Amino acid sequence: MTLPIDTGPTTRDALLTCEQMAACDRFTIDNGTTGFTLMLRAGQGAARHIRRAFRPGRVLVACGPGNNGGDGFVIARDLREHGWDVTVALLGAVSSLKGDAAEAAAHWDGPMAALSAELVGSADILVDALFGAGLTRPVEGAAAELLARAAGRAASGRLKVAAVDVPSGVHGDTGQVLGTACPADLTVTFHCRKPGHLLQPGAELCGGVRVVDIGIDPAAPAMASPAARVIAPALWQDRLLPAGPADHKYTRGHVLVLGGAMPGAARLAARSARRMGAGLVTVCTPEEAVPLVAGDAPGLIVQDIPYDLGAFVSARKVAAIVVGPGLGTGAYAWRLVEAALACTLPIVLDADVFSLFAGRRLPDGGPAVLTPHGGEFGRLFPKIDVRESGRVAAVSRAAEQCGHTVLLKGPDSTVAAPDGRCALLDGAPATLATGGTGDVLAGAVAALLGRGLPPFEAACAGAWFHREAARRLGGTALLAEDLADAL
Ligand SMILES: NC(=O)C1=CN([C@@H]2O[C@H](COP(=O)(O)OP(=O)(O)OC[C@H]3O[C@@H](n4cnc5c(N)ncnc54)[C@H](OP(=O)(O)O)[C@@H]3O)[C@@H](O)[C@H]2O)[C@H](O)CC1
Ligand SMILES: [K+]
């Protein structure tokens with residue numbers, strides 16, 4: 001057991017499903033690296049992070065019957081070699097272990113006990129190596145009891161928890177909990193993160209996530225088409241050009257915000273589109289709201305809804321439209337959405353649009369970004385169950401079904417394009433759960449569409465800038481107006 005630890009920088013933005021990760025494993029093994037070598041790198045890399053994160057104490061390593069448990073045995077040995085007091089608690093019999101896990105167990109010569117919740121009572125640190133990528137059903141019985149006992153002890157500050165690959169019970173593809181899971185302070189995963197590390201409730205249960213490079217062959221086919229990517233500027237930055245000397249307001253994109261029953265929402269969308277770099281922003285709103293909206297900012301063009309919207313957008317060289325924020329759901333709203341879609345310009349559809357078209361096919365239009373929150377998503381796509389399929393699969397299916405980019409908002413915002421691309425936003429501050437922030441996002445995405453980004457890239461970039469602005473503002477109470485100004 002003296003292989004070097006191989007933990008350099010790894011693939012930062014790819015998110016692989018458990019199946020894709022297993023395929024990467026197999027590809028690497030087929031190309032000459034043994035499975036046991038991968039396990040040693042995984043376990044030793046995880047142990048190194050555990051030694052960095054926690055002070056030495058009494059460690060209980062809870063090992064499951066598969067390779068996650070195998071990693072646990074490697075971690076146990078490494079920590080013991082570093083002088084830590086380690087006990088292994090095994091679910092099942094040693095004789096039932098197979099392959100690499102059996103080999104790792106054979107190298108363990110320290111204390112070992114049958115898995116039981118009581119063991120948690122005398123531990124300062126739990127290494128949770130029960131189930132990882134091979135979780136197939138809800139965690140029950142002795143494993144569930146141990147995790148529940150550990151969660152209680154951790155909540156009272158008497159136990160630190162390090163999860164191997166994922167907190168046991170969290171599904172790596174969806175972030176959903178099957179049965180039970182214990183919140184970890186640290187989760188060490190391998191090669192790259194999995195969607196479940198970013199999706200709730202998994203993300204919250206992981207604590208800090210560290211990635212260990214275990215030497216997966218970079219030519220592994222799954223790496224060319226990961227299930228999803230982490231939203232980061234690399235996705236759009238070569239297409240989002242800064243203003244140059246040849247630019248004028250129309251080349252920077254004229255954004256049209258269509259207002260309705262609640263003019264505050266259109267005002268927020270307009271403000272954020274301007275801050276996001278739109279060359280020009282016009283708000284068309286019912287006549288009675290014109291003075292109110294116009295009073296907002298002298299640089300905004302405000303007028304009532306034109307009779308012929310198609311003629312208006314071509315005369316004014318509109319590049320992108322936002323419709324939905326504060327729109328209302330009456331006949332007026334319906335006609336306006338239809339007219340906006342008929343312009344066939346890039347468009348952001350938000351808020352009330354999803355009530356208007358609940359469970360129905362959207363009329364044909366230009367390339368669109370739909371920005372529903374969970375409730376709106378359920379109204380628009382009633383046959384897609386997000387909880388059951390997980391956000392990556394659910395939003396991807398929605399995008400394919402409607403033929404447009406869908407941005408499902410939330411603490412784990414998920415963007416999917418009809419061509420199968422999917423991306424997840426990491427670490428959005430909870431302060432974004434405030435009224436008006438969605439209107440700000442809609443305006444930001446519209447400005448990016450107007451600046452020439454394709455819908456998927458505009459949705460990803462909008463979500464990212466929105467999160468960055470919220471992070472910069474910090475604090476506990478975020479005002480949507482401040483957020484728009486901070487973009
Ligand atoms: N490249 C890598 O990422 C590497 C990962 N490694 C580690 O390997 C695991 C995945 O190992 P695998 O053996 O495929 O799966 P698990 O160990 O997670 O679990 C499989 C066993 O657990 C049983 N199981 C599953 N769910 C339950 C449950 N709810 N209750 C009880 N038992 C459960 C399952 O039983 P079956 O009857 O379903 O077969 C299996 O016995 C990965 O997560 C990493 O930690 C490698 O070390 C190196 C490379
Ligand atoms: K685990």
Side-chain angles (χ1 to χ4, degrees), residues 3 6-7 10-11 14-30 33-47 50 61-75 89-93 96-105 115 126-147 150 161-173 176-184 186-194 196-197 202 205-207 209 211-217 220 222-223:
L3 275 166
D6 183 3
T7 53
T10 188
T11 314
L15 298 167
L16 298 183
T17 60
C18 299
E19 201 179 313
Q20 288 180 318
M21 189 63 236
C24 284
D25 260 348
R26 283 195 300 276
F27 185 87
T28 307
I29 290 167
D30 290 346
T33 307
T34 67
F36 190 59
T37 301
L38 294 180
M39 184 174 280
L40 285 180
R41 290 173 179 164
Q44 291 174 351
I50 291 167
V61 183
C63 292
N67 285 338
N68 197 252
D71 294 351
F73 278 104
V74 177
I75 294 167
L90 178 63
L91 181 64
S96 308
L97 296 173
K98 296 186 195 71
D100 299 329
E103 194 170 346
L115 191 107
L126 172 70
V127 176
D128 168 10
L130 284 168
F131 312 110
L135 182 77
T136 48
R137 54 190 180 277
V139 179
E140 289 165 350
E145 280 165 29
L146 181 137
L147 293 174
V161 180
V164 180
D165 203 5
V166 280
S168 300
V170 171
H171 200 290
D173 294 353
Q176 295 291 336
V177 174
L178 273 60
T180 191
C182 172
L186 167 73
T187 294
V188 185
T189 190
F190 312 115
H191 181 57
C192 65
R193 286 184 287 174
K194 318 297 172 315
H197 294 121
L205 290 165
C206 283
V209 178
V211 182
V212 170
D213 181 352
I214 58 169
I216 292 296
D217 192 323
M223 291 310 291

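Everything numeric here is computed off the predicted structure, so don't read it as measured data. Both ligands and their constituent atoms are indexed starting at 1 by order of listing.
Gly132 lies apart from the K ion (ligand 2) in this respect, since none of its N, O or S atoms is found at a distance under 3.4 Å. Among the backbone and side-chain atoms of Val164, an N/O/S atom is found under 3.4 Å from the K ion (ligand 2). Among the backbone and side-chain atoms of Pro167, no N/O/S atom is found under 3.4 Å from the K ion (ligand 2). Because the distance cut-off is set at 3.4 Å, Asp128 qualifies as a neighbour of the K ion (ligand 2) through one of its N, O or S atoms.
An angle of 150° is found at the K ion (ligand 2) between Val166 atom O and Asn68 atom OD1, rounded to 10°.
Closest non-hydrogen pair, Glu103 versus Phe36, comes out as OE2-CD2, 3.5 Å. The two residues Ala104 and Gly70 have their closest heavy-atom pair at CB-O, 3.5 Å. Closest non-hydrogen pair, Cys18 versus His171, comes out as SG-CE1, 4.3 Å. Annotation for Ala129 and Gly72: closest pair CB-CA, 3.7 Å, computed over non-hydrogen atoms. For the residue pair Thr28 and Gly215, the shortest heavy atom distance occurs at CG2-O, 3.5 Å. Residues Gly43 and Ile75 approach most closely at O-CG1, 3.3 Å, considering heavy atoms.
Residue Thr136 touches ligand 1 through backbone and side chain together, judged by heavy-atom distances below 4.0 Å. Heavy atoms of Asn68 found under 4.0 angstrom from ligand 1 belong to the backbone as well as the side chain. Contact annotation: for Ile214 versus ligand 1, heavy atoms closer than 4.0 Å belong to the side chain alone. Counting heavy atoms closer than 4.0 Å to ligand 1, residue Ala101 contributes nothing at all. Residue contacts with ligand 1 for Asn67 involve both N, CA, C or O and side-chain atoms from C-beta outward (heavy atoms, distance under 4.0 Å).
Taking 4.0 Å as the cut-off, Arg137 counts as a neighbour of ligand 1 on heavy-atom distance. The closest approach between Pro138 and ligand 1 falls below 4.0 Å for a heavy atom of the residue.
Heavy-atom proximity to Val139, at under 4.0 Å, picks out these atoms of ligand 1: 29 (N). Set against the non-hydrogen atoms of Asp165, the atoms of ligand 1 under 4.0 Å away are 42 (C), 43 (O), 44 (C), 45 (O). Atoms of ligand 1 found under 4.0 Å from any heavy atom of Leu135, numbered from 1 in the order shown, are 25 (C), 26 (N), 29 (N). Distances below 4.0 Å separate heavy atoms of Met39 from the following atoms of ligand 1: 47 (O), 48 (C). Annotation for ligand 1: atoms under 4.0 Å from non-hydrogen atoms of Gly132 are 16 (P), 18 (O), 43 (O). Near Asp25, the atoms of ligand 1 lying under 4.0 angstrom from a non-hydrogen atom of the residue are 1 (N), 2 (C), 4 (C), 49 (C).
Side-chain contact between Leu135 and Ser168: absent, with no pair of heavy atoms (C-beta onward) separated by less than 4.5 Å. Contact of the Ile216 side chain with the Met21 side chain is registered, since non-hydrogen atoms from C-beta on lie closer than 4.5 Å. Leu16 places a side-chain heavy atom less than 4.5 Å from the side chain of Cys24.
Residue-to-ligand polar distances keep Leu38 apart from ligand 1: every N/O pair is separated by 3.5 Å or more. Residue Ile216 has no N or O atom closer than 3.5 Å to an N or O atom of ligand 1. Backbone and side-chain nitrogen or oxygen atoms of Phe131 are examined, and none is located within less than 3.5 angstrom of a nitrogen or oxygen of ligand 1.
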- Task: Go through Phe73 and Leu97 one step at a time and tell me if the side-chain contact (heavy atoms from CB on, under 4.5 Å) criterion holds.
- Result: CA-CA 12 Å; Phe73 278 104; Leu97 296 173; 3.8 Å; yes
- Is there a side-chain contact (heavy atoms from CB on, under 4.5 Å) between Asp71 and Val188 once you walk through the steps? CA-CA 11 Å; Asp71 294 351; Val188 185; over 6 Å; no
- Item | Criterion side-chain contact (heavy atoms from CB on, under 4.5 Å) on Leu15 and His197, from CA distance to verdict | CA-CA 9 Å; Leu15 298 167; His197 294 121; over 6 Å; no
- Item | Stepwise side-chain contact (heavy atoms from CB on, under 4.5 Å) test for His191 and Asp25 | CA-CA 10 Å; His191 181 57; Asp25 260 348; over 6 Å; no
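With distances taken over non-hydrogen atoms, the option nearest atom 34 (C) of ligand 1 out of Gly134, Ser96, Ala46 is Gly134.
In terms of modelled atom types and a separation under 3.5 Å, the side chain of Asn68 and the main chain of Ala133 share no donor-acceptor contact. Checked by atom type and distance alone, the side chain of Thr189 never pairs as donor or acceptor with a backbone atom of Val211 at under 3.5 Å.
For atom 41 (O) of ligand 1, the nearest non-hydrogen atom of the protein is Pro65 CG, 3.6 Å. The nearest heavy-atom contact from the protein to atom 44 (C) of ligand 1 is Asp71 OD2, 3.2 Å.
There is no protein heavy atom closer than 4.0 angstrom to atom 39 (O) of ligand 1.
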